[in-house]
Amino acid sequence: MDQTRRRVAVVGAGPSGLFAAQSLVKQGEVPVSVDLFDRLPTPYGLLRYGVAPDHPSIKSVATALAKVFDSDGIRFRGNVTFGQDVSREELLAAYDAVVYAVGASEDMKMGVPGEDLPGSYSARQFVEWYSGHPDARSFDLGGLRGAAAIGVGNVAVDVARILAKKPETLDVTDMPVVVLDELRRHAVEDVWMIGRRGPQHAAFTTKELRELLEVPGVAVDINAECLVGIEESGLDRRAKANLEVLRGLAHRHVEDPHCRLHLRFWRRPVALVGTTAVTGLTLESTYLDEGGSVRGTGRSETIPVQLVLRSIGYRGTPLVDLPFDTKRAVIPNDQGRVCDADGTTLPREYVVGWAKRGPTGVIGTNKSDAAQTVDKLVEDLVQRPAAGDVTRLDLDAALAARGRRASSFEDWLRIDAEETRRGGALGRQRTKVSDWAELRALCGMG
Ligand code: NAP
């Protein structure tokens, strides 16, 4: 590798890490080489394992971002877990700067009885399963008739849409064959989406809402009283547009639906019912008190569901040896420069994406977010003299000593080719490889 370039490690090859790498190679001030690390042998993170398989246009962002790997001086280093295969100290010894792009890996819990029963999962678990994540648990959907998504954000919309669609319409996607076969076993007739506040407070975006309401063969009902008496003057454009779309439901009739989607606002989950598995979900009506907090009215109802997916947001988790703001669940930072507990910026360490600002925004939000961090990083590199001929830690040797080898972009291209081949044989663009052993074998790791 060119010794005159400054070396930057990016930990996490999801959208925020890729945007950071793109920003780093595009800036013209300081020549850099970038190593993009990931725990998985595949790049793209949430683009591959979070964006819905029936949203190929968002996935095409990956195609655009993949171009960053054509840049001179950029390498993918998959199959390397930070804090396990490589330490913070080692990265700082091997690189001039380290950017953490690790996302928010913990799911929020509802804290209600029955939440740990079989049949109750986080939406992320379900999403990872149908997206072919190698660590995903498998789902048994046989006999499933009723399912509820808790929360009214875009993740709830995604899982509700996947469950409401006729399974065979998903055959065109890149879902693994085992997943498509399992989805065909469900007989979902009722999908519920539960908002603990009003439709004016919903977190979903209008485009995603509209798409959900327009799934062919799905009849939608809403507790209509939630649309009455809303003070709209202070609402933002998105909230107003959402209300308009929801009000339009009154004029829509679906002949002979295969599934009903029930939108329930001003309801909160208070218990999951069942002895050995979920059989129902108890909801309590809610209102906002004077301080704006959600309160229960004491009136409740139980809906028959066998699957409850909580889609109530994510939370960042601490990285080994790094400062962590437990209140905001982010790596503390000043415009992307990592800070310690008393707010002093640490030299040579940076953060981007959800680990920097929390789990908000769409994929594109990470572009400007990464650009801000990279601006600061480059500013610091310009100020700091190059390390000259200081001997850097040989990370590959350190990994080899632990019996580890980083997978490369060429390894990923072999996985990519195999997925395209499998998909092609089925008349699809791609069919994902979701098995660790197969992924390792394709990387030549036996
Ligand atoms: P989110 O947008 O933060 O929505 C979370 C929802 O859960 C809110 O409706 C929230 O209600 C509710 N909630 C939180 N705690 C709850 C509790 N204890 N009980 C009941 N409801 C609760 O989170 P998300 O849907 O996971 O999405 C995360 C980010 O990814 C968002 O920025 C989203 O836009 C993005 N994303 C985008 C796409 C896309 O662009 N197609 C797809 C998926 C995800 P309150 O408002 O009352 O707290």
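Indexing begins at 1, ligand by ligand and atom by atom, following the structure's order. Residues take their numbers from the sequence shown, with the count starting at 1.
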**Message:** Asp135: which residues meet the salt bridge (charged side-chain N to carboxylate O under 4.0 Å, His left out) condition with it, sequence neighbours left out?
**Reply:** Arg39

**Message:** Determine whether the aromatic ring centres of residues Phe126 and Phe139 are separated by less than 6.0 angstrom.
**Reply:** yes

**Asked** Do His201 and Trp266 have ring centroids that are under 6.0 Å from one another?
**Response** yes

**Prompt:** Please, which pairs that meet salt bridge (Lys or Arg N to Asp or Glu O under 4.0 Å) have at least one residue in residues 236-248, sequence neighbours excluded?
**Reply:** Glu232-Arg247

**Asked** Any salt bridge (Lys or Arg N to Asp or Glu O under 4.0 Å) pairs touching residues 99-117, not counting sequence neighbours?
**Response** Asp107-Arg124, Lys109-Asp116, Glu115-Arg310

**Request:** In sequence, state the C-alpha distance, the side-chain angles, and the governing distance for Lys356 and Thr373, and then conclude on side-chain hydrogen bond (donor to acceptor under 3.5 Å, both in side chains).
**Result:** CA-CA 9 Å; Lys356 171 185 175 185; Thr373 295; 3.0 Å; yes

**Prompt:** What residues sit with at least one heavy atom under 4.0 Å from ligand 1?
**Reply:** Ile58, Ile150, Gly151, Val152, Gly153, Asn154, Val155, Asp158, Arg196, Arg197, Ala203, Glu208, Ser311, Ile312, Gly313, Trp354, Pro359, Thr360, Gly361, Val362

